[in-house]
**Q** 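Just dropping this structure here.
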Amino acid sequence: MKNKFARFLLGTAIAIALTLLLNSTVGSLYTVLKWSVYGIMATIVVVVLMENRSPQTTLSWLFVLFSYPTLGIILYLLFGRNSRKRKHVQTYINIAKQARLDAGVDTEVRKATSLIHMDHIGTQTPEKPELVSHSEVVADRIRLIGGDNCVGGSSADLLTNGDETFNAIRTAIAEAAHHIHVQYYIYRSDRLGTELRDLLIEKAKQGVQVRFMYDGLGSHALRDRFLAPMREAGIKVAAFDPIFAYSLTQSANYRNHRKIVVVDGQVAFTGGLNVGDEYMGQSKMGFWRDSHLRIEGYAVHDLHRIFLQDWIYAASRTYKETWKQFMHNEDYFPNHLADYKGSKGGIQIIPGGPNYKDAKMRDVFLSLMAGAKESIWITTPYFVPDQETLTFLQLAASSGIDVRILYPGKSDSLLSDQASQSYFAVLLAHGVQIYRYKENFTHAKMMLIDGKIASVGTANMDIRSFRLNYEVTAILYDMPVIDDILYSFYEDFKCSTPINPREFVHRKVSKRIVESLTRLLSPLL
């Protein structure tokens, strides 16, 4: 093993095993185990301190390790180690670099260019989007911090809730002629999942290429009996970092949270919805509020590139597919600029994940908010911000900007919900308005700046989406669909109840204690 820390743990485990064999009394065994745990814990504490993480994250790990040493060691091995030192993350980074090299694009050249999209993998470079000056400044700022360029020649439609979203996806799949590429964090083998699976099987039998990818943890309940008919029909199936015993400590904390569907390289879908009956309101959560995007034009190429990057990584052991069979191939990246020439505005597709040195998705969101002159509206199912985001929201509200957060009235995660509420008091005190959506769950992940720039994607407003998960979001500039997003926010506010700051401050002491304790774990959620 090249990792010194891993070698140390292995050596410790062997020493413990030998000691157990040599000792015969319960008391001595207990003493050996106890001091072994303390030794490993001390090593982890030193590592955590030397990595110079944020004070908030460091204190959270120290709290867990000293409160529950054995549990803390297990959690650290699964979730705490530096992502870029993980072998599987480095493999992903190498694949991403190879994609750019094979496309003939130099990273420094890409950063030096303006809004024209230079890392496009298709057959032709799309036109420069026509943006108002302020939008152009924001888009260029995001490009400079490591985001992709904004592209014109695209259109987008907002899809609200399960019926509208899956009807549009079914239609696109039914019309597919060459390929269908599907990627979800959660894909369930329930009624909806079976229906879409059977539609994919039908298209595969018609000769359409189908690639189906799911996250190994989010979709861990998928069984071979569900997937076997897909493989038999010729569908290529791959799990992104499946949870096996040998890889659990390497990949458990870094999940692919993206939801992407690409059909014939011409239409794509992304947003908050996974595949499951709950997204159709058929679960104990009741009505499920969510938002998705249907995208056409050159922005589809960027989503497609992200899918293929994930696919080549996830399917490498099974299918051995490479970039060369996809790039510069009009079957996968068709030249359809003429259909959208002169379309208003532009789309900037932003991927995020542990393969980036910084919290890229967080930095993109902060850059969007930094461009606000009048309003920042956010809807998120999980709100566990880091200190930078929390401070920015406070400052924005204090400076007179209309900051609103739309939050679920009913959450599907008790721990996350309690941690989220621990941040509400300080935000309310600075003038942030927090709305609770009915008594139901909202799973949408959207941001609207000044009613003119919007973000719709897979990333939550939490530390996990900022740093640990592979995510994607679409930023929309000066496009007609933004009016629909503005209307969607207004409708959701009508169905929500604003939190009264005075009443919230006087909530029960026991509840405040629970919130504070869960907040200590917020960097780990």
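Since the model is a prediction, treat every value here as computed from it, not as a measurement.
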**Q** So, Y254 and N355: side-chain donor and acceptor under 3.5 Å apart, yes or no?
**A**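 No - no donor-acceptor pair under 3.5 Å links their side chains.
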**Q** Counting neighbours of OH on Y319 that are heavy atoms of other residues, nucleotides or ligands and sit closer than 6.0 Å, is the number greater than 12?
**A**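 Above 12, so yes.
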**Q** With no hydrogens and no angle check, just 3.5 Å: does a side-chain donor-acceptor pair link H443 and D290?
**A**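 Per modelled atom types, H443 and D290 side chains form a pair under 3.5 Å.
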**Q** Heavy-atom distance under 4.5 Å between the side chains of V182 and R211, does that happen here?
**A**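 Contact flag for V182/R211 side chains = no.
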**Q** Taking the side chain as every heavy atom from C-beta outward, state whether M230 and R197 have any atom pair closer than 4.5 Å.
**A**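 Result yes, sub-4.5 Å side-chain heavy-atom pair found.
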**Q** Under the criterion side-chain contact (heavy atoms from CB on, under 4.5 Å), I'd like the reasoning laid out for E330 against N335: C-alpha separation, chi angles, the key distance, then a yes or no.
**A** CA-CA 7 Å; E330 282 204 35; N335 176 19; 4.1 Å; yes
**Q** We want to know whether Y382 and D412 form a side-chain donor-acceptor pair, criterion being a heavy-atom distance below 3.5 angstrom.
**A**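 A donor-acceptor contact under 3.5 Å links the two side chains.
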**Q** Does the side-chain contact (heavy atoms from CB on, under 4.5 Å) test come out yes or no for L368 and S455, once each step is laid out?
**A** CA-CA 9 Å; L368 280 175; S455 169; 4.0 Å; yes
**Q** Can you tell if the side chain of K344 reaches within under 4.5 Å of the side chain of Y477, non-hydrogen atoms only?
**A**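 Contact flag for K344/Y477 side chains = no.
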**Q** Would you call N161 and R289 a side-chain contact if the rule is heavy atoms closer than 4.5 Å?
**A**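 Sidechains of R289 and N161: in contact.
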**Q** Report yes if the side chains of T473 and M361 come closer than 4.5 Å at any heavy-atom pair, otherwise no.
**A**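 Result yes, sub-4.5 Å side-chain heavy-atom pair found.
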**Q** I'd like to know if the side chain of Q282 pairs up with that of E278 as donor and acceptor (distance under 3.5 Å, no hydrogens or angles considered).
**A**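 Checked: Q282/E278 side chains show no N/O donor-acceptor pair below 3.5 Å.
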**Q** Surrounding NZ of K445 (heavy atoms of other residues, nucleotides or ligands, distance under 6.0 Å), is the total greater than 12?
**A**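 Check passes, neighbour count above 12.
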**Q** Regarding D417 and Y407, do their side chains bring together a donor and an acceptor under 3.5 Å, going by distance alone?
**A**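 A donor-acceptor contact under 3.5 Å links the two side chains.
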**Q** Decide yes or no for D215 and Y470: does some side-chain heavy atom of the first lie under 4.5 Å from some side-chain heavy atom of the second?
**A**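 No; the side chains remain at least 4.5 Å from each other.
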**Q** With side chains defined as the heavy atoms from C-beta onward, is the minimum distance between T194 and F226 less than 4.5 Å?
**A**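 Answer yes - side chains close enough.
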**Q** Centre of F287's six-membered ring, under 6.0 Å away, within 45 degrees of the axis: is that where NZ or CZ of K438 sits?
**A**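 Yes, K438 and F287 form such a contact.
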**Q** Please say whether the positively charged group of R404, taken as NZ for Lys or CZ for Arg, lies over the ring of F493, i.e. under 6.0 angstrom from the six-membered ring centre and within 45 degrees of the axis.
**A**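 Yes, R404 lies over the aromatic ring of F493.
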**Q** Which pair of heavy atoms, one from H304 and one from Y332, lies closest together, and at what distance?
**A**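 Looks like ND1-O, 3.1 Å.
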**Q** Would you tell me whether D310 and N256 have side-chain atoms, one donor and one acceptor, within less than 3.5 Å of each other?
**A**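 A donor-acceptor contact under 3.5 Å links the two side chains.
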**Q** I want to check something: taking the side chain as every heavy atom from C-beta on, are I312 and T322 in contact at a cut-off of under 4.5 Å?
**A**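 No. Closest side-chain heavy atoms not under 4.5 Å.
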**Q** Decide yes or no on salt bridge (Lys or Arg N to Asp or Glu O under 4.0 Å) for E202 and K205, but give the supporting numbers first.
**A** CA-CA 5 Å; E202 180 183 341; K205 290 180 177 179; over 6 Å; no
**Q** Should Y187 and N274 be marked as a side-chain contact (heavy atoms from CB on, under 4.5 Å) after you check the CA-CA gap, both sets of side-chain angles, and the distance that decides it?
**A** CA-CA 6 Å; Y187 194 105; N274 292 291; over 6 Å; no
